Amino acid sequence: MNAFLKIGCLIIYALALAAFALPLPAEAGPMLQKVALALLVIHSIELMFVFKYVKAYEGPLLKSIAFTLLFGLLHWLPIAKRIKGAPEGDKS
């Protein structure tokens with residue numbers, strides 16, 4: 001399910017970018033661009049509140065930040081669940 005939601009986010013971003021070069025049916029371009037921008041703004045604000053989970057990502061921090069900006073809680077929530085489910089001594 002998580003993968004389908006991530007693909008949905010990527011489709012919104014791709015269509016919003018495509019709308020700059022191609023006319024989309026039913027004048028959907030401007031609306032998709034507003035939705036994509038809103039997602040990026042919301043995820044940017046979200047990043048400030050969940051940075052402790054974002055930095056706990058097992059890969060590079062910049063990659064984790066990019067994933068959070070693109071996918072929001074679809075990226076950081078599994079990390080938070082893993083951390084909270086870890087034994088008390090393993091939370092560092």
Side-chain angles (χ1 to χ4, degrees):
M1 179 69 153
N2 195 8
F4 290 116
L5 294 173
K6 285 183 178 182
I7 290 170
C9 286
L10 291 176
I11 289 171
I12 290 171
Y13 296 132
L15 288 173
L17 285 174
F20 284 113
L22 306 169
L24 296 179
E27 302 288 326
M31 180 54 75
L32 283 168
Q33 291 168 341
K34 289 176 187 171
V35 169
L37 182 61
L39 283 172
L40 289 173
V41 168
I42 290 167
H43 292 162
S44 297
I45 295 168
E46 179 181 23
L47 178 62
M48 292 185 278
F49 292 100
V50 297
F51 190 73
K52 64 181 175 183
Y53 301 123
V54 172
K55 69 180 181 180
Y57 180 65
E58 294 170 357
L61 178 60
L62 191 56
K63 186 175 180 180
S64 186
I65 290 171
F67 284 160
T68 303
L69 291 175
L70 290 174
F71 306 122
L73 66 84
L74 297 174
H75 171 66
W76 65 261
L77 189 59
I79 298 169
K81 286 181 179 179
R82 179 180 44 88
I83 289 172
K84 290 182 179 181
E88 193 63 35
D90 294 343
K91 287 188 178 181
S92 61

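No experiment lies behind these values; they were computed from the predicted model shown. All values below come from the heavy atoms of this structure, side chains included, with hydrogens, waters and symmetry mates left out.
- Taking the side chain as every heavy atom from C-beta outward, Glu58 and Arg82 approach each other to under 4.5 Å.
- Summarising the geometry of Phe71 relative to Lys6, their closest heavy-atom pair is CE2-O, 3.5 Å, with the distance given to 0.1 Å.
- Annotation for Pro78 and Leu73: closest pair CD-O, 3.8 Å, computed over non-hydrogen atoms.
- At a threshold of 4.5 Å between side-chain heavy atoms, the hydrophobic network of Ile, Leu, Val, Met, Phe, Trp and Tyr places Leu40 and Ile42 in two separate groups.
- When every heavy atom of Leu74 is checked against every heavy atom of Cys9, the shortest pair comes out as CD1-SG, 4.3 Å.
- Listed here is the closest heavy atom pair of Lys55 and Lys52: CG-O, 3.5 Å.
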Let me see the working for Tyr57 and Leu61 under side chain to side chain contact (heavy atoms under 4.5 Å, CB included), right down to the final yes or no.
CA-CA 7 Å; Tyr57 180 65; Leu61 178 60; over 6 Å; no

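- Put simply, Leu32 and Leu37 are part of two different groups of oily side chains (I, L, V, M, F, W, Y) that touch within less than 4.5 Å, one to the next.
- Contacts of Ile12 classified as side chain to side chain contact (heavy atoms under 4.5 Å, CB included), with partners at least two apart in sequence or in another chain: Val35, Ala36, Leu39.
- Of the possible polar contacts, one joining the Ser64 side chain to the Val54 backbone as a donor-acceptor pair under 3.5 Å is found.
- In the hydrophobic clustering of ILVMFWY residues, with side-chain heavy atoms under 4.5 Å counting as a link, Leu10 and Leu15 come out apart.
- Ala19 and Leu24 make their closest contact through CB-CD1, 3.8 Å (heavy atoms, listed as atom of the first residue, atom of the second, distance).
- Gln33 is linked by a side chain to side chain donor-acceptor pair (under 3.5 Å) to nothing, counting only residues two or more places apart in sequence or in another chain.
- Transitive grouping of hydrophobic side chains (ILVMFWY, heavy atoms separated by less than 4.5 Å) keeps Ile11 and Leu5 in distinct clusters.
- Nearest heavy atoms, Leu70 versus Tyr13: O-OH, 2.9 Å.
- With sequence neighbours left out, the side chain to side chain contact (heavy atoms under 4.5 Å, CB included) criterion links Leu69 to Ser44, Leu47, Ile65.
- Tyr53 is listed as a side-chain neighbour of Lys84, based on a closest heavy-atom distance under 4.5 Å.
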